[in-house]
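Naming convention: chains lettered A, B, ... in sequence-line order (proteins, then strands); numbering from 1 in each chain.
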Number of protein chains: 2
Amino acid sequence: MTAMTQKAQHKNAQTAATQNETKKPRKILPREERRQQLIEATISCIARDGLGSTTMQMVTKEAGLSLGIANLHFETKDNLLKETLRYVAEEYHSGQIAIMQGQETEDLTSRLTALLNFQLSQGVTQRQKMAVWFAYYGEAGARPVYQKIVSAWDRAAAKQLETLFEAIIEDGQYRNIDAADLAMGYSALIDGLHLALLVTPRELTKKQAKAIAKDFLQRAFPKHL
Amino acid sequence: MTAMTQKAQHKNAQTAATQNETKKPRKILPREERRQQLIEATISCIARDGLGSTTMQMVTKEAGLSLGIANLHFETKDNLLKETLRYVAEEYHSGQIAIMQGQETEDLTSRLTALLNFQLSQGVTQRQKMAVWFAYYGEAGARPVYQKIVSAWDRAAAKQLETLFEAIIEDGQYRNIDAADLAMGYSALIDGLHLALLVTPRELTKKQAKAIAKDFLQRAFPKHL
DNA sequence: ACCAAGAATGAATAACCATTCATTCTTGGA
DNA sequence: TCCAAGAATGAATGGTTATTCATTCTTGGT
């Protein structure tokens with residue numbers, strides 16, 4: 001039985017759960033690692049139980065650590081939640097921007113499909129991430145600080161997308177298309193698809209979502225797709 | 001001063017705020033009216049303070065009533081929140097469905113634009129409503145009951161939209177268009193636009209949002225718009 | 001005008017939660 | 001090997017919240 005426990009040791013909270021009577025092999029880690037570990041535990045809790053009912057106890061238990069540790073590393077719960085949002089926002093938006101800036105002189109079409117594939121990739125569309133994303137959106141109206149955290153990244157990504165669309169419009173000599181409006185529409189479509197994947201996964205597969213987003217771009221840029 | 005208080009009596013929470021020392025003109029109303037009043041107070045609280053930090057005290061104060069009243073009429077807070085979601089969901093989805101069923105033999109195009117205008121109408125896009133909407137979506141991942149409340153209406157609306165799109169595709173003899181996918185895409189776009197109007201109203205006006213949604217339909221159904 | 005039914009009130013209760021900090025434990029350097 | 005620095009723990013604290021229910025008030029029917 002003890003052997004099984006040993007074998008089952010990943011580095012997640014299950015460890016804490018399966019520990020029966022062996023007291024505590026307390027571990028000390030550098031600040032940044034602990035912070036990251038706590039942020040990931042927070043993401044899991046928000047995804048499983050919602051932002052509203054996530055408690056410090058749940059987060060620290062999920063991380064397999066003691067109650068006080070989150071306050072030690074993040075000062076307040078509020079701060080932990082802010083940092084968690086910052087982490088998720090940065091991961092998503094910096095990924096997008098990296099693709100759009102596309103150092104390599106890839107053609108516009110492949111940059112566009114790379115973007116689409118990233119936005120609906122396995123990594124981005126896993127329930128954990130989308131749940132966190134929309135949990136924060138849900139509170140954004142009441143908590144300006146959440147908007148502020150996201151908006152900087154958001155504007156940057158929007159600008160990049162607009163630039164990419166402008167280049168495509170120029171390249172294809174498309175008429176009667178406003179790059180800004182189209183970029184806003186495409187972003188809204190992606191957000192809406194994420195929401196549908198989260199809330200009604202039965203009605204929409206990831207493959208379908210990709211096809212829908214691709215259709216949108218095809219209708220706008222028929223010469224490129 | 002007493003006269004002013006009397007005169008200022010609407011039936012909202014301001015009454016309670018302006019009451020200085022006059023104790024309590026307690027009012028008795030039929031069950032359904034009180035329930036509706038409490039639901040509307042709940043909507044205001046969620047929009048102002050978020051779903052997570054909305055308390056019974058805030059809701060009953062907003063309604064200008066005593067603390068215990070919400071439990072009297074809704075049994076539990078959980079139930080009040082569920083009924084509030086049900087109300088908002090029904091208002092939105094039944095409005096949509098009414099337009100799409102369109103008893104009058106309007107042509108397809110005007111039914112389509114009527115739908116679009118409703119979905120981005122003043123009534124639907126007011127912060128109060130959208131904030132509530134997304135507050136619940138934010139918790140939907142963790143609270144299946146919320147999904148259940150919305151999903152019935154959602155499926156009905158999706159079916160209707162699909163039928164409308166099929167009729168338009170048939171009427172215009174459009175090729176290579178899947179009604180179901182297009183309907184899903186359009187719905188996602190509308191949701192995404194609502195989200196953008198809520199979270200980044202600075203970046204998107206309602207007029208713009210309408211133009212973007214119209215563009216989407218124009219590209220799909222050029223002969224009809 | 002009077003009263004019983006039941007609507008409304010709000011003080012009291014019990015549960016829960018974020019945060020603190022005295023104490024215990026770990027570890028890198030001497 | 002040994003120790004000081006500081007990382008980690010978790011019991012204790014103070015504040016907040018949903019819910020209850022004894023009491024008070026309103027009103028429609030007589």
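At least one side-chain heavy atom of Glu203(B) sits under 4.5 Å from a side-chain heavy atom of Arg155(A). Using a 4.5 Å heavy-atom threshold, the side chains of Thr200(A) and Val150(B) count as separate. Met184(B) has its side chain out of reach of Glu162(B): every pair of non-hydrogen atoms, C-beta onward, lies at least 4.5 Å apart.
Proximity note for Thr76(A) (side chain, C-beta onward) versus dA7(C), dT19(C), dA8(D): the nearest is dT19(C). Of the candidates dA18(C), dA8(D), dT20(D), the closest approach to any side-chain atom of Lys77(A) belongs to dA18(C).
Tested against Lys82(A), the residues Phe74(A), Tyr146(A), Tyr87(A), Tyr136(A) include a single side chain to side chain contact (heavy atoms under 4.5 Å, CB included) partner, Tyr146(A).
Using a 4.0 Å heavy-atom distance criterion, Arg34(A) is classed as a sugar-phosphate-only contact.
Nearest-nucleotide positions on DNA chain C place Lys27(B) closer to the 5' end than the other of Leu67(B) and Lys27(B). Summary of the strand contacts: Ile28(B) and Gly68(B) both lie near DNA chain D, and taking for each the nucleotide with the nearest heavy atom, the more 5' one is attributed to Gly68(B).
The distance between the ring centers of Tyr92(B) and Trp133(B) falls below 6.0 angstrom.
The CZ atom of Arg31(A) sits 19 Å away from the P atom of dT27(C) (whole-angstrom rounding). Atom CG in Leu29(B) sits about 17 Å away from atom P in dG6(C), given to the nearest Å. To the nearest angstrom, P of dT19(C) lies 10 Å from CG of Asn79(A). The interatomic distance linking Leu81(A) (CG) with dA18(C) (C1') rounds to 12 Å, in whole Å. Residue Glu75(A) contributes atom CD, which lies 11 Å from atom C1' of dT20(C) at whole-angstrom precision. We find that CG of Leu80(B) is positioned 12 Å from C1' of dA18(D), with the value rounded to whole Å. A straight line from CD1 of Ile69(A) to C1' of dT24(C) spans 13 Å, rounded to a whole angstrom. As a whole-Å value, the separation of Glu32(A) CD from dA7(D) P is 12 Å.
When only modelled atom types and interatomic distance are considered, Gln122(A) and Gln126(A) share no side-chain donor-acceptor pair under 3.5 Å. Side-chain atoms of Tyr186(B) and Gln119(B) form a donor-acceptor pair, as typed in the model, at a separation below 3.5 Å.
At dA7(C), none of the side-chain N or O atoms of Arg26(B) fall inside 4.0 Å of OP1 or OP2 (strictly under the cut-off). For the pair His73(A) and dA8(D), the criterion of a side-chain N or O lying under 4.0 Å from OP1 or OP2 is met. Under 4.0 angstrom from either OP1 or OP2 of dA18(C) there lies no side-chain N or O belonging to Asn71(A).
Looking at residues 38-60 of chain A, you'll see that no heavy atom sits under 4.0 Å from any atom of DNA chain D.
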